[in-house]
Amino acid sequence: MADLSVPTPAFGSHGRLRLAFHLRVLGPLDLCDEAKRPVEPVLRQPKRAALLVYLAVGRPGVFERRDRLLALFWPELDDARARDALSTATRFLRRSLGDAAIVARGDAEMGVAPDHVIADATRFREACKLGRLAEALELYRGPLLDGFHCNASPEFTDWLHGEASELGRLAADAARRHAELLEQEELITLAIKRARQALEFAANDERMLRRLLDLLHRAGDRVGAIDAYQRFATRLRREFDAEPSTES
């Protein structure tokens, strides 16, 4: 993949400011314009929506080779029919989101203009990187494309699971770091809330459990600490047939 080098204009052909579309993939899929109106045509087309998500979320602002897209989304078709399907999907997305949304470089590569389709996952990653933890956690509504199903290749499913795992780890780390900052400021109730979030995002991480238990003990909430431990232990037994370590 190569960086998008073709700039997308901020204004349309008549000098009017071009509207951006907001793509929400953290939690259930949603796509809306700046007036918060859902873009229903795209949302009703799972494979074309998945193509948009892949281009916008994987490496925003980057060109993707068309032959890779064919393998990801139309592996069951021969080359000619797969290329027709990709061309049809591209025209559909441009018709739904504007011509500037999908950018091409020659016949071999294409991508999404990141200032035209703004993905919450991109904003989330940037907020985590810059330490804007409260903003990041507000953006993280849940796992990537929660509840979404698409008839694509196993390779796309693997990509989706990998991205979801990475974003979940970032969310857990952001919640942990924010809990530590709140604890330093003696905001124990808010720190407990963030520690619970961290354990929710990293459900089997005993370090997260110990952090939450320490905060609950500090707050004098013995009942809450016992409940948190028992819930964690139940989840470990159910999913891994294991018990928490004695350190917890």
Side-chain angles (χ1 to χ4, degrees), residues 1-14 18-26 28-34 37-122 143-164 166-167:
M1 292 186 291
D3 291 340
L4 289 177
S5 57
V6 180
T8 16
F11 292 84
S13 58
H14 299 292
R18 187 190 62 211
L19 297 179
F21 291 83
H22 297 272
L23 178 64
R24 300 177 72 180
V25 299
L26 298 176
L29 176 64
D30 189 29
L31 176 66
C32 62
D33 61 20
E34 289 195 338
R37 294 171 299 206
V39 186
E40 294 290 351
V42 176
L43 295 173
R44 288 196 296 264
Q45 298 280 335
K47 184 171 289 190
R48 292 168 179 178
L51 172 62
L52 177 67
V53 169
Y54 181 79
L55 292 172
V57 170
R59 290 178 62 185
V62 167
F63 280 112
E64 185 69 68
R65 290 194 59 82
R66 290 176 187 265
D67 51 7
R68 174 165 171 76
L69 299 177
L70 302 182
L72 282 172
F73 294 102
W74 295 278
E76 75 283 4
L77 301 181
D78 61 45
D79 187 68
R81 293 171 63 202
R83 290 184 182 278
D84 285 344
L86 176 57
S87 296
T88 300
T90 302
R91 288 193 299 271
F92 170 81
L93 291 174
R94 283 177 170 151
R95 191 164 60 245
S96 301
L97 305 174
D99 289 342
I102 306 298
V103 183
R105 183 164 65 182
D107 295 330
E109 297 174 310
M110 60 183 290
V112 165
D115 62 336
H116 194 98
V117 179
I118 302 169
D120 59 352
T122 303
L144 178 66
L145 293 186
D146 193 20
F148 180 81
H149 299 284
C150 167
N151 183 26
S153 69
E155 188 178 356
F156 173 77
T157 301
D158 290 343
W159 172 83
L160 188 60
H161 288 166
E163 289 289 308
E166 180 199 352
L167 291 164

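Just so it is clear, the values below take in all heavy atoms, side chains as well, and ignore hydrogens, waters and symmetry mates. Just so it is clear, the structure is predicted and the values come from calculations on it, not from any experiment.
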query: Would you say H116 and V103 make side-chain contact, with heavy atoms under 4.5 Å?
result: no
query: Hey, are the side chains of R91 and I102 touching, using non-hydrogen atoms and a 4.5 Å cut-off?
result: no
- prompt: Does L55 reach the side chain of L93, with side-chain heavy atoms less than 4.5 Å apart?
  reply: no
field: Rounded distance (nearest 0.5 Å) linking atom CE of M110 with atom CZ of R105
entry: 13.0 Å
message: Nearest 0.5 Å, please: how far is OG1 in T157 from CG in L72?
response: 10.0 Å
statement: The reported gap from CZ in R48 to OG1 in T90 (rounded to nearest 0.5 angstrom) is 9.5 Å
- request: State, yes or no, whether a side-chain contact exists between L97 and V112 at a heavy-atom distance under 4.5 Å.
  value: no
Pairs touching residues 80-102 that satisfy ring-ring contact (aromatic ring centres under 6.0 Å, His included), sequence neighbours left out: none
field: Inter-residue atom distance Q45.CD - C150.SG, 0.5 Å rounding
entry: 10.5 Å
Evaluation steps, side-chain contact (heavy atoms from CB on, under 4.5 Å), between V53 and L160: CA-CA 10 Å; V53 169; L160 188 60; 5.7 Å; no
message: Do V25 and E163 have side chains that approach each other closer than 4.5 Å (heavy atoms only, starting at C-beta)?
response: no
Greater than 12 external heavy atoms within 6.0 Å of D146's CG: yes
- prompt: Taking atom CG of L31 and atom NE2 of H22, what is their separation to the nearest 0.5 Å?
  reply: 10.0 Å
query: In terms of the angle between their ring planes, are F156 and F73 parallel, tilted or perpendicular, with boundaries placed at 30° and 60°?
result: tilted
- prompt: Which atom pair, heavy atoms only, marks the closest approach of F148 to P46?
  reply: CZ-O, 3.3 Å
field: Heavy-atom pair with the smallest gap, counting every atom of G111 and F63
entry: N-CD2, 3.9 Å
- line: Closest heavy-atom pair, A100 versus A113, reported as atoms and distance to 0.1 Å, is O-CB, 3.4 Å
field: D120 (side chain) donor-acceptor with L26 (main chain) under 3.5 angstrom
entry: yes
- prompt: For the side chain to side chain contact (heavy atoms under 4.5 Å, CB included) test, which of V117, I118, T122 pairs with L23?
  reply: V117
- prompt: Ignoring hydrogens and geometry, is there a side-chain-to-backbone donor-acceptor pair from R66 to R83 under 3.5 Å?
  reply: no
message: To check you understand the geometry: which heavy-atom pair defines the closest contact between L70 and A82, and what is its length?
response: CD2-O, 3.4 Å
query: Within the distance-only criterion (no hydrogens, no angle test), does the side chain of K47 pair as donor or acceptor with the backbone N or O of A152 below 3.5 angstrom?
result: no
message: Just verifying a value: how many Å separate D67 CG and D79 CG, rounded to the nearest 0.5 Å?
response: 8.5 Å
query: Should we say atom CG of D78 is surrounded by more than 12 heavy atoms from elsewhere, each under 6.0 Å from it?
result: yes
statement: Closest heavy-atom pair, V39 versus D33, reported as atoms and distance to 0.1 Å, is CG2-N, 4.2 Å
